[in-house]
Amino acid sequence: MSTEYGEPLAQVLGDGFRVPPLLPGWTALEGVVLVKCLDAEGHPSWAFRETEGMNVEEVIGILTVQLDMLRERAVDAFRDIDD
């Protein structure tokens, strides 16, 4: 991964931005980040970034799988309510 592409996450998002750690023994290689932000006028907006080594097919695959998992979690939450 090139050191000229982008900036370290803490510099972009700040030290107060926290995410759960990876599982023990796992090593981060590439990633995508979706961040809810306030724009220059103070309006909520979204920013999407990806690391340098990601290709379009990988990003689409990641987002598709994540969407399917979240959709299933939402459906499961409603199933619990109906029981």
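Note that this is a predicted model, so its numbers are computed, not measured.
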Any chance you could measure Glu30, atom CD, to Glu58, atom CD, to the nearest 0.5 Å?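 It comes to 7.5 Å.
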Atom pair CG/CD of Leu34 and Glu50 - distance to nearest 0.5 Å: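 If I round to the nearest 0.5 Å, the distance is 12.0 Å.
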Taking the side chain as every heavy atom from C-beta outward, state whether Thr64 and Asp68 have any pair of such atoms under 4.5 Å apart.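 SC-SC contact between Thr64 and Asp68 confirmed.
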Does [X] share a hydrophobic cluster with [Y], counting links as ILVMFWY side-chain heavy atoms below 4.5 Å and allowing steps through other members?
{"X": "Val59", "Y": "Trp46", "answer": "yes"}
{"X": "Leu38", "Y": "Leu13", "answer": "no"}
{"X": "Ile62", "Y": "Phe48", "answer": "yes"}

Quickly, which of Val35, Val12, Leu9, Val33 forms a side chain to side chain contact (heavy atoms under 4.5 Å, CB included) with Phe17? Name it, please.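 Result: among Val35, Val12, Leu9, Val33, Val35 is the only option passing the side chain to side chain contact (heavy atoms under 4.5 Å, CB included) with Phe17.
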Below 4.0 angstrom, N of the basic side chain to O of the carboxylate: do Glu7 and Arg49 qualify?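 No.
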Do Asp76 and Arg79 meet the salt-bridge criterion of a basic N to acidic O distance under 4.0 Å?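 Counted as a salt bridge, because a side-chain N and a carboxylate O are separated by less than 4.0 Å.
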Check whether more than 12 heavy atoms from other residues, nucleotides or ligands sit under 6.0 Å from atom CG of Asp39, and answer yes or no.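 Counting neighbours around CG of Asp39, more than 12 heavy atoms of other residues, nucleotides or ligands fall under 6.0 Å, so yes.
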Of the non-hydrogen atoms in Leu22 and Ala28, which two are nearest, and what is the gap between them?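 Scanning both residues completely, I find the closest heavy atoms to be CD1-N, 3.7 Å.
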Output yes when a side-chain donor or acceptor of Glu72 lies under 3.5 Å from a complementary backbone atom of Met69, and no otherwise.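 No; judged by distance alone, with no hydrogens or angles, the pair does not exist.
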Has the side chain of Thr51 got a donor or acceptor atom that lies under 3.5 Å from a matching backbone atom of Gly31?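 Yes, because the side chain of Thr51 sits within donor-acceptor range (under 3.5 Å) of the backbone of Gly31.
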